[in-house]
Amino acid sequence: MAWPPEPIRTERLVLRASEARDRAAFMELLASPEVHTYLGGPQSPADLERETPAVPARWPGSFIVDLDGAMIGQILLRRATKHRPAAVGKLDLGYLFLPRAWGFGYAAEACAAALGWLAGEFPGEPVVLTTQSANVGSMRLAAKLGFAEVERFEAWEAEQWLGMRPGAAHA
Ligand SMILES: CC(C)(COP(=O)(O)OP(=O)(O)OC[C@H]1O[C@@H](n2cnc3c(N)ncnc32)[C@H](O)[C@@H]1OP(=O)(O)O)[C@@H](O)C(=O)NCCC(=O)NCCS
């Protein structure tokens with residue numbers, strides 16, 4: 001796929017590739033205990049300072065979600081590799097937002113736009129998503145985005161939920 005695409009504009013947000021000015025917010029995202037409640041724990045600020053490149057998370061499929069010129073979250077679109085048989089090889093959606101941006105519908109708005117872009121790049125392909133079933137906000141978001149349960153399984157000492165969204169032609 002061609003990367004980066006032109007920035008994707010929604011009603012309130014812009015989805016774009018990362019830039020050097022996102023580094024502080026990106027480190028804040030990865031160091032946040034709240035963000036990592038269901039994701040295996042945050043990273044230490046010292047490690048992040050050492051290991052985060054000048055332009056963080058710049059790879060095909062990594063969208064920065066921008067509100068009024070500042071990063072509020074990241075959307076990750078990848079091919080699932082090591083995963084459940086039903087998910088291997090499929091497009092996989094992930095999302096992380098800064099806690100101060102929760103509760104405004106930004107994640108839903110950004111993910112819907114990313115899925116629309118993905119449908120244009122890979123018409124008809126389904127998308128999978130994995131989240132802990134205890135992660136209520138993420139489960140609600142998955143349902144809103146049209147993901148339906150494939151299976152639940154135990155991993156990383158917790159129940160995980162694998163959902164799938166059927167492929168759609170680009171609108
Ligand atoms: C998962 C996560 C992205 C959900 O964020 P969120 O802000 O709760 O999600 P949404 O964008 O769907 O917004 C939720 C709420 O905003 C409210 N809202 C307020 N204004 C709104 C508006 N203008 N439009 C839509 N919704 C609005 C909605 O009522 C909605 O609440 P509901 O789900 O109770 O109906 C966030 O909790 C997060 O980043 N968690 C840490 C990372 C993580 O666990 N990721 C999952 C693994 S991939």
Side-chain angles (χ1 to χ4, degrees), residues 8-16 18 22-45 47-48 52 56-57 59-84 86-119 125-165:
I8 299 167
R9 288 172 201 287
T10 69
E11 205 180 320
R12 299 176 292 176
L13 306 167
V14 179
L15 276 62
R16 55 170 175 79
S18 62
D22 302 314
R23 190 168 182 270
F26 186 73
M27 291 193 295
E28 186 186 347
L29 190 67
L30 295 192
S32 164
E34 221 178 333
V35 170
H36 289 81
T37 306
Y38 304 102
L39 297 176
Q43 296 178 46
S44 86
D47 287 353
L48 284 165
T52 307
W59 45 268
S62 166
F63 279 109
I64 294 301
V65 181
D66 180 315
L67 171 70
D68 298 332
M71 170 177 169
I72 59 162
Q74 182 192 16
I75 290 182
L76 306 92
L77 302 170
R78 294 172 286 202
R79 284 274 171 203
T81 50
K82 282 186 195 151
H83 208 312
R84 308 291 288 176
V88 169
K90 296 210 168 56
L91 298 167
D92 181 281
L93 170 70
Y95 36 75
L96 304 167
F97 283 73
L98 288 164
R100 60 174 174 271
W102 296 0
F104 299 99
Y106 294 140
E109 186 172 322
C111 288
L115 289 167
W117 174 79
L118 204 59
E125 280 204 44
V127 181
V128 297
L129 179 161
T130 311
T131 188
Q132 275 192 28
S133 53
N135 191 347
V136 173
S138 179
M139 290 289 283
R140 256 210 299 271
L141 176 57
K144 257 183 268 180
L145 293 169
F147 286 84
E149 180 171 324
V150 174
E151 61 172 329
R152 290 170 189 243
F153 60 98
E154 285 292 320
W156 308 291
E157 294 173 7
E159 186 185 76
Q160 310 289 328
W161 185 90
L162 172 65
M164 195 177 299
R165 186 179 190 263

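We count residues from 1, following the sequence as given. Both counts, for ligands and for their atoms, begin at 1 and track the order of listing.
Within ligand 1, the atoms closer than 4.0 Å to a non-hydrogen atom of Leu39 are 42 (C), 43 (C), 47 (C), numbered from 1 in the order shown. Counting the atoms of ligand 1 from 1 in the order shown, those under 4.0 Å from a heavy atom of Tyr106 are 11 (O). Set against the non-hydrogen atoms of Lys144, the atoms of ligand 1 under 4.0 Å away are 10 (P), 12 (O), 13 (O), 14 (C), 30 (C), 33 (O). The distance from ligand 1 to the heavy atoms of Leu96 drops below 4.0 Å at these ligand atoms: 39 (O), 42 (C). For ligand 1, the atoms lying closer than 4.0 Å to a non-hydrogen atom of Asn135 are 43 (C), 44 (O), 46 (C).
Among all protein heavy atoms, the one lying closest to atom 24 (N) of ligand 1 is Phe104 O, 3.8 Å. The protein non-hydrogen atom at the shortest distance from atom 37 (O) of ligand 1 is Trp102 CE2, 3.4 Å. Counting protein heavy atoms only, atom 8 (O) of ligand 1 is closest to Gly103 N, 4.1 Å.
Counting heavy atoms closer than 4.0 Å to ligand 1, residue Arg12 contributes side-chain atoms (C-beta onward) but none from N, CA, C or O.
At least one protein heavy atom sits closer than 4.0 Å to atom 1 (C) of ligand 1. Under the 4.0 Å distance rule, the nearest protein heavy atom to atom 39 (O) of ligand 1 falls inside the cut-off. There is no protein heavy atom less than 4.0 angstrom from atom 28 (C) of ligand 1.
With contacts defined as side-chain heavy-atom distances shorter than 4.5 Å, the pair Val128/Leu93 does not qualify. Contact check for Arg165 versus Leu129: no side-chain heavy atoms found under the 4.5 Å cut-off.
Nearest-residue assignment for atom 25 (C) of ligand 1 (options Gly105, Ala107, Ser138; heavy-atom criterion): Gly105.
Residue-ligand proximity: Tyr38 is placed with every non-hydrogen atom at 4.0 Å or more from ligand 1.
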